[in-house]
Amino acid sequence: MNTKNCEKIVVEDQKYLSKVSRATYYPLAVKRAKGCIVEDEDGNEFIDLLSSAAVINTGHSHPKIVQAIKNQADQFIQYTSAYMYHKPLVELSKKLIEKTPGNYEKKIIYGLSGSDSSDGAIKLARAFTGRSKIISFIQSYHGSTYGALSMSAVSLGMRENIGPFLPEMYHFNYPTCYRCPYGKEKNSCELECLKQIEIAFEYYLPANEVAAIVIEPIAGDAGVIVPPKIFMTRLYELCKKNNILFVVDEIQTGFGRTGKWFGIEHFDMVPDIMILGKAIASGMPLSALVASSEIIASLETLSHAFTNAANPLSCVASSTTIDIIDEEKLVENSKIMGDYFLDRLDNLKKKHKIIGDIRGKGLTIGVDLITDENTKEKNTAAAAKICYRAWEKGLILTFFAKNVLRIQPPLTIDEALIDESVKILDETIEEYMNGDISDDVLKQSKGW
Ligand SMILES: Cc1ncc(COP(=O)(O)O)c(C=O)c1O
């Protein structure tokens with residue numbers, strides 16, 4: 001594969017840019033992208049199994065989104081909603097309120113990234129309850145601003161040398177059943193993860209000082225961990241019993257990604273606060289907090305305002321995203337294609353011992369690579385090599401949580417592209433097992 005132009009861009013990139021904002025996999029410089037296909041600066045084409053990190057749910061450069069942005073740019077590009085009003089913002093808000101779970105009077109606060117809205121959720125929960133403590137989960141990721149990172153616990157490196165973090169943040173184990181921190185199996189488990197919170201409430205963490213429990217309905221960056229429904233139900237009940245707000249981070253799971261409009265709908269519950277981002281505007285910068293009018297009213301004027309938030313270009317992109325998801329039945333397609341993908345990957349698992357677990361819902365799927373069936377030790381080298389070779393064969397494939405292949409294609413994907421992706425993955429794993437992928441690739445493909 002010729003990657004001359006891409007390599008040149010990477011060399012310049014390294015000259016001017018800090019390493020802090022990127023995990024490296026391979027030298028892919030994007031030139032254009034359409035639907036599920038990405039083209040690089042050398043004219044190579046790839047099936048996109050990443051969707052710009054679960055952002056491009058509607059497929060790259062959907063013509064209706066491109067048109068909506070162009071039309072809006074002809075009118076005006078931005079006028080800050082911190083001081084004035086605009087129609088695209090009101091129209092979007094009406095749609096978002098209709099789409100999010102909960103049949104009560106809701107309001108919205110906008111931001112530019114998932115991270116700032118995670119911070120906003122902390123502010124809202126503290127202001128509404130008058131309590132300061134926040135509970136979140138080990139291996140969760142809520143963003144990179146100080147508040148969001150204070151709630152996150154997915155990677156030590158992210159938190160090194162930059163403390164202190166926000167006070168009163170408490171982290172508990174997420175129910176990671178494949179590698180249970182309590183050594184239990186799914187069927188014999190007594191919800192130890194939940195018990196630890198109950199024990200904390202009994203001995204050192206007064207429940208009446210806890211403002212919120214913040215959770216991802218499926219823990220994405222942890223390696224696509226789907227919690228048992230009983231855990232979520234009991235956690236929700238614990239919140240209700242203690243007047244603690246139940247806050248869901250839907251930044252990665254929203255907008256059809258998991259085969260429902262929002263990930264929390266798999267658990268039949270209505271959260272008190274929802275944090276939205278990533279796919280909300282098909283790649284334009286936008287995030288949002290959705291909650292009851294009563295909760296939203298607890299924050300004072302300009303206590304969560306950003307000059308460029310709710311930019312009209314992002315608003316029309318978001319409104320059109322919602323329309324496309326409905327018109328093209330992308331929530332349904334996410335479920336159908338997700339089940340198809342899972343089924344195909346399950347066949348690979350039977351064939352390759354290196355695959356320890358396949359899990360997910362809709363088109364968010366993790367392939368957990370291990371060194372040994374008994375120890376379930378994470379196989380980082382395999383993940384790095386397989387992603388690199390898959391890229392050489394025309395697949396945008398990455399890994400996170402040290403060893404989990406991340407499968408999150410646009411929700412427009414079809415069976416033919418899934419078949420092609422699985423074929424490449426199958427061949428690549430075979431080559432890895434035969435020792436045909438050089439250790440040299442580990443210098444580039446580091447992941448995280
Ligand atoms: C679950 C979750 N929350 C929050 C964030 C942070 O969002 P952003 O990168 O848009 O600030 C991410 C991003 O990966 C995420 O996956």
**Q** Side chains of N71 and Q67: donor-acceptor distance under 3.5 Å anywhere?
**A** yes
**Q** State whether the side chain of E41 and the backbone N or O of I9 hold a donor-acceptor pair below 3.5 Å, judged by distance alone.
**A** no
**Q** First locate atom SG of C36, then atom CG of L411, and finally report the distance between them rounded to the nearest 0.5 Å.
**A** 9.0 Å
**Q** About how many Å separate CG of L363 and CG of L49, when rounded to the nearest 0.5 Å?
**A** 10.0 Å
**Q** How far does CD of E420 sit from CD1 of I413, to the nearest 0.5 angstrom?
**A** 10.5 Å
**Q** With a 4.5 Å heavy-atom cut-off, do I134 and S150 have their side chains touching?
**A** no
**Q** Among side-chain atoms of H86 and S81, is any donor-acceptor pair under 3.5 angstrom?
**A** no
**Q** Per the side chain to side chain donor-acceptor pair (under 3.5 Å) rule, what does the pair list look like for residues 304-326, sequence neighbours excluded?
**A** Q78-N308, K95-D323, K99-D326, K123-H304, S282-T321
**Q** Checking I296 against L124 for the side-chain contact (heavy atoms from CB on, under 4.5 Å) test, could you report, in this order, the C-alpha distance in whole Å, the side-chain angles of both residues, the deciding distance, and whether it holds?
**A** CA-CA 7 Å; I296 297 274; L124 266 182; 4.1 Å; yes
**Q** Quick one: pull up CD1 in I358 and CG in L345 and give me the separation to the nearest 0.5 Å.
**A** 4.5 Å
**Q** Mark yes or no: R389 above the aromatic ring of Y432, with NZ or CZ under 6.0 Å from the six-membered ring centre and no more than 45 degrees from the axis.
**A** no
**Q** Should the pair K31-D42 be classified as a salt bridge under the 4.0 Å nitrogen-to-oxygen rule?
**A** no
**Q** Under 3.5 Å, sequence neighbours excluded: what are the donor-acceptor pairs made by side chains of residues 396-403?
**A**
residue	atom	partner	partner atom	Å
N403	ND2	D368	OD1	2.7
N403	ND2	L369	O	2.8

**Q** A73 and L313: which non-hydrogen atoms are nearest, and at how many Å?
**A** N-CD2, 3.6 Å
**Q** Could you tell me which non-hydrogen atom of C315 sits nearest to which non-hydrogen atom of L92, and how far apart they are?
**A** CA-CD2, 3.9 Å
**Q** Residues in salt bridge (charged side-chain N to carboxylate O under 4.0 Å, His left out) with D346, at least two apart?
**A** none
**Q** Are T253 and E216 side-chain neighbours, meaning at least one heavy-atom pair lies under 4.5 Å?
**A** no
**Q** Just by distance, do the side chain of D414 and the backbone of L417 share a donor-acceptor pair under 3.5 Å?
**A** yes
**Q** Output yes when a side-chain donor or acceptor of R179 lies under 3.5 Å from a complementary backbone atom of K376, and no otherwise.
**A** yes
**Q** Less than 4.5 Å apart, side chain to side chain, heavy atoms only: is that true for T176 and P181?
**A** yes
**Q** In this structure, are over 12 heavy atoms from other groups packed under 6.0 Å from Y79 atom OH?
**A** no
**Q** Between the side chain of K278 and the main-chain N/O of A53, is any donor-acceptor distance below 3.5 Å?
**A** yes
**Q** Work out which heavy atom in G35 is nearest to a heavy atom in P410; give both atom names and the distance.
**A** O-CG, 3.8 Å
**Q** Can you tell me if T371 and N379 form a side-chain donor-acceptor pair at under 3.5 Å?
**A** no
**Q** Can you confirm whether more than 12 heavy atoms, excluding those of R159, are under 6.0 Å from its CZ atom?
**A** yes
**Q** First locate atom OG of S144, then atom CG of L149, and finally report the distance between them rounded to the nearest 0.5 Å.
**A** 5.5 Å
**Q** Give a yes or no on this: more than 12 heavy atoms of other residues, nucleotides or ligands lie within 6.0 Å of atom CD of E185.
**A** no
**Q** Shortest non-hydrogen contact from A384 to S445?
**A** O-OG, 2.9 Å
**Q** In terms of relative ring orientation, are W391 and Y26 parallel, tilted or perpendicular, with 30° and 60° separating the classes?
**A** parallel
**Q** Do S140 and Y174 come close enough that some side-chain heavy atom pair is under 4.5 Å?
**A** no
**Q** Please enumerate all residues that pass ring-ring contact (aromatic ring centres under 6.0 Å, His included) together with F262, with sequence neighbours excluded.
**A** F255
**Q** Would you indicate whether the side-chain heavy atoms of F172 and I135 approach each other to under 4.5 Å?
**A** yes
**Q** Would you say that F341 contacts I407 through its side chain, given a criterion of any heavy-atom pair below 4.5 Å between the two side chains?
**A** yes
**Q** Show the nearest heavy-atom pair for residues S118 and I251, with the distance to one decimal.
**A** OG-CD1, 3.8 Å
**Q** Mind checking the CD1-CD spacing from I354 to E373? Nearest 0.5 Å is all I need.
**A** 11.5 Å
**Q** Measuring only between side-chain heavy atoms, which start at C-beta, is E105 closer than 4.5 Å to S292?
**A** no
**Q** Name all pairs fulfilling the side chain to side chain donor-acceptor pair (under 3.5 Å) condition that reach into residues 330-344, sequence neighbours left out, sorted by first residue then second.
**A** K335-D339, Y340-D419, R344-D419
**Q** Can you confirm whether the side chains of D221 and Q252 place a donor and an acceptor under 3.5 Å from each other?
**A** yes
**Q** So, D357 side chain and V367 main chain: donor-acceptor pair closer than 3.5 Å or not?
**A** no
**Q** My understanding is that only residues two or more places apart in sequence, or in another chain, count here; which of them pass ring-ring contact (aromatic ring centres under 6.0 Å, His included) with F246?
**A** Y236
**Q** Side chain of H62, backbone of K64: donor and acceptor closer than 3.5 Å?
**A** yes
**Q** Is the number of heavy atoms from other residues, nucleotides or ligands within 6.0 Å of CD (E427) greater than 12?
**A** yes
**Q** Test H60 against every option in I65, D48, T412 by the side-chain contact (heavy atoms from CB on, under 4.5 Å) rule and name the one that passes.
**A** D48
**Q** Check the side chains of S117 and S287 for a donor-acceptor pair under 3.5 angstrom, ignoring hydrogens and angles.
**A** yes
**Q** Given side chains that start at C-beta, do those of T375 and E377 come closer than 4.5 Å, heavy atoms only?
**A** yes
**Q** Write down the atom of A288, the atom of I280, and the distance for their closest heavy-atom approach.
**A** CB-CD1, 4.0 Å
**Q** Please lay out, stage by stage, how E250 and L276 fare under the test side-chain contact (heavy atoms from CB on, under 4.5 Å).
**A** CA-CA 5 Å; E250 289 272 3; L276 309 177; 3.8 Å; yes
**Q** Do other residues, nucleotides or ligands put more than 12 heavy atoms under 6.0 Å from I97 CD1?
**A** yes
**Q** Whether the S51 and Q408 side chains hold a donor-acceptor pair (N or O, under 3.5 Å, no angle test) is what I'd like checked.
**A** no
**Q** Could you tell me whether a side-chain N or O of S136 sits under 3.5 Å from a main-chain N or O of M151, the two making a donor and an acceptor?
**A** yes
**Q** Do the side chain of S152 and the main chain of H142 share a donor and acceptor less than 3.5 angstrom apart?
**A** yes
**Q** Just checking, any donor-acceptor pair under 3.5 angstrom between side chains of T100 and K106?
**A** yes
**Q** Would you indicate whether Y83, at its atom OH, is surrounded by more than 12 heavy atoms from other residues, nucleotides or ligands within a distance under 6.0 Å?
**A** no
**Q** Picking from I429, D440, V441, D436, what satisfies side-chain contact (heavy atoms from CB on, under 4.5 Å) with K385?
**A** V441
**Q** Got a donor-acceptor contact below 3.5 angstrom from the R257 side chain to the G362 backbone?
**A** no
**Q** Check the surroundings of atom NZ in K70: do more than 12 heavy atoms from other residues, nucleotides or ligands lie under 6.0 Å from it?
**A** no
**Q** Can you see whether E431 engages T428 through a side-chain donor-acceptor pair at a distance of less than 3.5 angstrom?
**A** no
**Q** Is a side-chain N or O of E45 found less than 3.5 angstrom from the main chain of G394, in a donor-acceptor match?
**A** no
